[in-house]
Amino acid sequence: MADTTAKLNVGGTDQEYSVLDGSIGPSVVNIASLYKDTGMFTYDPGFTSTASCESKITYIDGDEGTLLYRGYPIDQLADHGDFLETCYLLLYGDLPNKAEKNDFVDRVTYHTMIHEQMSRFFSGFRRDAHPMAIMVGTVGALAAFYHDSTDISDPHQRMIASLRMIAKMPTIAAMAYKYHVGQPFVYPRNDLDYSANFLRMCFSVPCEEYKVNPVLARAMDRIFILHADHEQNASTSTVRLAGSSGANPFACIAAGIACLWGPAHGGANEAALNMLSEIGSVDRIPEFVARAKDKNDPFRLMGFGHRVYKNYDPRAKIMQKTCHEVLGELGIKDDPLLDIAMELEKIALNDPYFVEKKLYPNIDFYSGITLRALGFPTTMFTVLFALARTVGWIAQWKEMVEDPSQRIGRPRQLYTGSPKRDYTPIEQR
Ligand code: SDX
């Protein structure tokens, strides 16, 4: 860390704070003692200029449109790796050799079943319950099955909890889908790889053999890689904050799922596809672009813009390529929604409003079209995002728990409410 300092004059008194340099990316001003020194808090709603932690897992350069998992560019991992290898990388910090990879795959494979009692949770939901509501409930319920065996101070227990989460999310997600469509649950198979297993658990039925399409399984696996982690986004920050109290990791992941559900975050893939359907035809695009620019209209182009990326989201490029691959493999020559998406992208990228605000397509812009082509209903899109992001959440949770400097997260506030006042009896009000 550098020994440079930042000077701040507060109320006529000069304060000095150390500047800490990362390995790459912006340095930080360590203002931890600011309140003690000045009696003031910093103020940064939305945390646009605030680093909440030190991390070695994921690096994003929003201006360059760069995304690195443990230093490896996302496009290289998506092109050459697979999802479980990426999970190993995020959890352990390096790519596995062959023996490590085989051992990790085996350890995940033999945790894919869930307690048979859990299948009863689903029957408590209405069949038309949103699958994300089911995910929040059932993943949180995992804590009831593993609470006693999850001593988070034990590194071995932390790794088992991590493996359980990664292994069981596809099974729970597939069960949420099967329950939603009224079909019987399908058990995981140990002879299938992670993504093929997931597609089979979602789409096979007892009446016939299900043959996994390797091109679609590879596309699913790549989509999971793209969604695996993304620095301190809203849902990851939620998991870290929940975990900072020492809460059960399964409960922390349930909190992350709840946060991801919002349309400004992971819910944007479902919202983006619904938006494309609402636009309905290329000639209505100008009308919606005008609405997105109108300050008085809450409408936004879903799948566009990003807090960090002020360039093209590198994941969106890979997702667009995957979208064309999947549509090609399925023989879908002209998907009207894809035509609308590509025309909307072209118009938006040349519109001064979007150019000056640096609004580009993000990962959610093309994912909806791809997932729909794979056979998923829009209500499952964010479930798939949560499935993939679980490894990122759990890797960040582990890093937080293992950080000797971590303390319970407890932000302060700028209070603008009523000063102290005395209670008045109701007769006097
Ligand atoms: C994800 O954080 C992550 O890393 C998240 C994620 C991950 O992997 O975890 O990348 C996943 O959540 C991707 C983002 C998915 N959300 C959407 O696609 C929803 C649509 N996008 C917007 O809601 C918005 O862009 C956000 C929420 C993504 C970012 O919001 P910010 O950073 O708070 O930006 P902002 O809302 O302050 O917007 C800046 C300006 C505003 O105009 P002004 O007030 O400055 O005049 O840009 C405008 C906004 O009105 N703007 C948009 C817009 N997004 C921002 N205008 C039209 N359409 C949009 N989509």
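Predicted model, so just to flag it, every value in this text is computed and none were measured. Both counts, for ligands and for their atoms, begin at 1 and track the order of listing.
- Considering each of Ile363, Leu359, Asn362, the one bringing a non-hydrogen atom nearest atom 52 (C) of ligand 1 is Leu359.
- Under the 4.0 Å distance rule, the nearest protein heavy atom to atom 34 (O) of ligand 1 falls outside the cut-off.
- Checking Thr58, Leu301, Val308, Asp313 against atom 60 (N) of ligand 1, the nearest heavy atom belongs to Leu301.
- Which of Lys310, Arg307, His227, Gln232 comes nearest to atom 29 (C) of ligand 1 through a heavy atom is settled by distance: it is Arg307.
- Checking only distances, Ala264 does come within under 3.5 Å of ligand 1, N or O to N or O.
- If you number the atoms of ligand 1 from 1 as listed, the ones under 4.0 Å from a heavy atom of Ala268 come out as 15 (C), 16 (N), 17 (C), 18 (O).
- Within a 4.0 Å radius of atom 19 (C) of ligand 1, the protein contributes one or more non-hydrogen atoms.
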- Step-by-step salt bridge (charged side-chain N to carboxylate O under 4.0 Å, His left out) determination, Asp154 to Arg158: CA-CA 6 Å; Asp154 173 354; Arg158 285 200 297 271; over 6 Å; no
- Could you walk me through whether Lys310 and Asp63 pass salt bridge (charged side-chain N to carboxylate O under 4.0 Å, His left out), step by step? CA-CA 5 Å; Lys310 301 309 170 193; Asp63 295 325; over 6 Å; no
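- Among all non-hydrogen protein atoms, the one lying nearest atom 36 (O) of ligand 1 is Arg300 NH1, 2.8 Å.
- By the neighbour-count criterion of 12 heavy atoms within 6.0 Å, atom OH of Tyr353 is densely surrounded, having more than that number from other residues, nucleotides or ligands.
- Gly305 O, 3.7 Å is the protein heavy atom nearest to atom 28 (C) of ligand 1.
- Ring orientation note: the planes of Phe203 and Tyr210 are tilted relative to one another, at an angle of 30° to 60°.
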- Item | Audit row: Arg218, Asp221, salt bridge (charged side-chain N to carboxylate O under 4.0 Å, His left out) steps and yes/no | CA-CA 5 Å; Arg218 175 78 190 116; Asp221 202 72; 3.7 Å; yes
- Task: Just do the side chain to side chain donor-acceptor pair (under 3.5 Å) check on Asp106 and Thr109 with the steps written out, would you?
- Result: CA-CA 5 Å; Asp106 283 351; Thr109 300; 5.1 Å; no
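- Evaluated for a side chain to side chain contact (heavy atoms under 4.5 Å, CB included) with Asp229, the options Leu90, Thr86, Ile74, Leu89 yield exactly one hit, Leu90.
- Listed by number with element, the atoms of ligand 1 under 4.0 Å from a non-hydrogen atom of Arg315 are 7 (C), 8 (O), 10 (O).
- Within 4.0 Å of atom 39 (C) of ligand 1, not a single protein heavy atom is present.
- If you look at Tyr353 next to ligand 1, the close heavy atoms, those under 4.0 Å, all belong to the side chain.
- At a heavy-atom cutoff of 4.0 Å, ligand 1 is contacted by no atom of Glu231, backbone or side chain.
- Each of the atoms 17 (C), 18 (O) of ligand 1 lies under 4.0 Å from some heavy atom of Gly303.
- Nearest non-hydrogen protein atom to atom 21 (N) of ligand 1 is Phe304 O, 2.9 Å.
- Checking atom 10 (O) of ligand 1 against the protein gives a heavy-atom contact under 4.0 Å.
- Listed by number with element, the atoms of ligand 1 under 4.0 angstrom from any heavy atom of Arg389 are 7 (C), 8 (O), 9 (O).
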